[in-house]
> 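The structure that follows is given in the form of structure tokens.
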Amino acid sequence: MHKIILRLAGLCGMLLASLALACHAHAAALTYPLTSEGVDSRYDYDWAVLRAALEKTVSAFGAFEQRHSAAAMSPSRVVQEMATPSGRINIFVRASSPELEAQFLPIRLPVDRGLLGYRLLLIRQSDRARFAQVKSAADLRPLRAGVGQGWVDSAILQHAGISVVEGSNYAGLFAMLAAGRFDFFSRSADEALRELSERHDAFPQMEIEPTLLLHYPLPRYFFLRRDAEGAQLARRIEAGMEMMIRDGSLHALLLRYKGDIIARAAMTQRRVIRLPNPRLTPQTPLARGELWFDPLTGK
């Protein structure tokens, strides 16, 4: 009898081990792009949202693994990897465009609740007096804006009649501003303050223009491949984010990562210049007020 019990115990142990391995083998695996090997904290919040959404859905969808790619990737490389079925990543986050929404599977819930559309201007200190005279979009037209290659900001600014100078990589845009290649760099409020702090020593003459706030609707979505795996992952992430929206944890996470920066940006004390976004798709959920944060009201 003792031997039978030991044998049964051994079989149970093997079964449990096999089940554990099976669960691990079928855990949802998400690999997102490492975007820079240097200073770059732009995406910390986004991947925290992803992890929280996945954790919310463990009971319904099972275990998961979340990791970044082994190698840094440029924005164009991210798209190439995602367009390849065997690519090294299977999710990325970016300001939306019709092309991205057609090529990949968007989760149409703004990851940062629309904060990306509230823009401060990085300028050279020597140009502060020029910008103090800006009262409208028309006043910005003699000035040149810097944007990254392929960024959706280009179409928005050009639609408003503002000249655009594109840079081939993110880090180089700060050097281009310092060198006078363009006059301002439109950045979301949280990006501008963080970037100014991170790059103060390298570019001591760069500052945040103190009086202006641009606003244009600019949803930032998670994107996945348009295949069976992507559809399953999208269902899970969307379910988790909807739970976070309902229970307030998405807003709480936003404030945890960005609340101090939102306060420091003093957006309510700035002159707001609103620009339309001609690149929004009809599916953009503008009617769902609970998805969007307005830093001018704090709601």
Side-chain angles (χ1 to χ4, degrees), residues 19-20 22-35 41-69 78-79 81-82 87-97 100-117 188 190 217-259 262 280-281 283-295 299:
L19 287 172
C23 289
H24 181 75
H26 291 90
L30 290 106
T31 303
Y32 58 86
L34 179 65
T35 56
S41 57
R42 291 176 294 167
Y43 297 89
D44 291 354
Y45 164 78
D46 302 320
W47 307 130
V49 170
L50 177 62
R51 179 168 294 278
L54 294 170
E55 289 172 345
K56 288 275 187 185
T57 53
V58 166
S59 61
F61 289 87
F64 70 91
E65 298 174 359
Q66 178 179 325
R67 57 182 176 266
H68 61 69
S69 59
V78 167
V79 171
E81 292 287 342
M82 284 290 293
R88 293 173 290 177
I89 58 172
N90 60 358
I91 188 169
F92 70 104
V93 62
R94 191 170 295 182
S96 191
S97 70
L100 286 177
E101 292 188 33
Q103 186 174 7
F104 303 110
L105 184 59
I107 299 173
R108 291 190 179 91
L109 299 171
V111 176
D112 66 352
R113 304 199 62 220
L115 184 63
L116 186 67
S188 71
D190 63 311
L218 193 58
R220 184 179 181 80
Y221 296 149
F222 289 122
F223 289 91
L224 298 109
R225 286 194 182 88
R226 288 190 176 276
D227 59 16
E229 179 196 53
Q232 176 70 1
L233 291 172
R235 283 192 292 271
R236 176 172 185 165
I237 297 165
E238 182 175 8
M241 288 186 68
E242 289 284 10
M243 293 167 67
M244 294 174 71
I245 292 161
R246 289 194 299 272
D247 66 19
S249 57
L250 181 62
H251 185 63
L253 198 61
L254 179 74
L255 294 183
R256 186 193 311 169
Y257 274 79
K258 304 177 184 287
I262 291 170
L280 292 178
T281 65
Q283 295 84 5
T284 306
L286 295 174
R288 291 188 61 185
E290 76 275 17
L291 301 183
W292 307 90
F293 174 60
D294 184 350
K299 299 179 181 178

> With distance as the sole test, does Arg113 use its side chain to make a donor-acceptor pair with the main-chain N or O of Glu290 at under 3.5 Å?
yes

> Pick from Leu250, Ile237, Asp112, Val93: which one makes a side chain to side chain contact (heavy atoms under 4.5 Å, CB included) with Val49?
Leu250

> Taking atom OG1 of Thr31 and atom CD1 of Ile89, what is their separation to the nearest 0.5 Å?
8.5 Å

> Might you point out which heavy atoms bring Pro295 and Leu115 nearest each other, and give the distance in Å?
CG-CD1, 4.3 Å

> Considering non-hydrogen atoms only, spot the tightest contact between Pro33 and Val78 and give its length.
CB-CG2, 3.7 Å

> A side-chain contact here means heavy atoms from C-beta on lying under 4.5 Å apart; do Leu30 and Leu233 qualify?
yes

> Students often mix this up, so state it plainly: with edges at 30° and 60°, are the rings of Phe223 and Phe104 parallel, tilted or perpendicular?
perpendicular

> Of all the heavy-atom pairs spanning Phe293 and Leu254, show the shortest one and how long it is.
CD2-CD2, 4.0 Å

> If you round to the nearest 0.5 Å, how far is CG of Leu105 from CG of Asp227?
9.0 Å

> Does Asp190 pair with Lys258 as a salt bridge, N-O distance under 4.0 Å?
yes

> Using only heavy-atom distances, determine whether the side chains of Arg88 and Ser69 contain a donor-acceptor pair under 3.5 Å.
no

> Checking the side chain of Arg236 only, and the main-chain atoms of Gly62 only, is there a donor and an acceptor separated by less than 3.5 Å?
yes

> Please answer whether the main-chain N or O of Ala29 pairs with a side-chain N or O of Asn90 as donor and acceptor at a distance below 3.5 Å.
yes

> So does Leu116 get a backbone contact from the side chain of Arg220, meaning a donor-acceptor N/O pair under 3.5 Å?
no

> From His68 NE2 over to Gln66 CD, what is the distance, rounded to the nearest 0.5 angstrom?
10.5 Å

> With a 4.5 Å cut-off on side-chain heavy atoms, are Glu55 and Phe64 touching?
yes

> Compute the ring centroids of Phe92 and Phe222, then answer whether they are less than 6.0 Å apart.
no

> Carefully, step by step, assess Tyr221 and Val111 under the rule side chain to side chain contact (heavy atoms under 4.5 Å, CB included).
CA-CA 6 Å; Tyr221 296 149; Val111 176; 5.6 Å; no

> What pair of heavy atoms forms the shortest contact from Thr281 to Thr284, and how long is it?
O-OG1, 2.8 Å

> Show your reasoning for whether side chain to side chain contact (heavy atoms under 4.5 Å, CB included) applies to Phe61 and Gln232.
CA-CA 9 Å; Phe61 289 87; Gln232 176 70 1; 3.6 Å; yes

> At their closest point, which heavy atom of Ala102 faces which heavy atom of Arg226, and how far apart are they?
O-NE, 3.3 Å

> Return the CE to NZ distance between Met243 and Lys56, rounded to the nearest 0.5 Å.
5.5 Å

> When you measure from the side chain of Trp292 to the backbone N and O of Pro110, does any donor-acceptor pair fall under 3.5 Å?
no

> Between Glu101 and Arg108, does at least one N-O distance fall below 4.0 Å, as a salt bridge requires?
yes

> Taking atom CE of Met241 and atom CD of Glu238, what is their separation to the nearest 0.5 Å?
9.0 Å

> Which heavy atom of Ala95 sits nearest to which heavy atom of Leu100, and what is that distance?
O-CD1, 3.6 Å

> Take Met244 and Leu109 through the side chain to side chain contact (heavy atoms under 4.5 Å, CB included) test and state the conclusion after the steps.
CA-CA 11 Å; Met244 294 174 71; Leu109 299 171; over 6 Å; no

> Output yes when a side-chain donor or acceptor of Ser249 lies under 3.5 Å from a complementary backbone atom of Ile245, and no otherwise.
no

> Where the side chain of Thr57 meets the backbone of Ala60, is there a donor-acceptor pair that is under 3.5 Å apart?
no

> Quick one: pull up CG in Asp46 and CZ in Arg51 and give me the separation to the nearest 0.5 Å.
14.0 Å

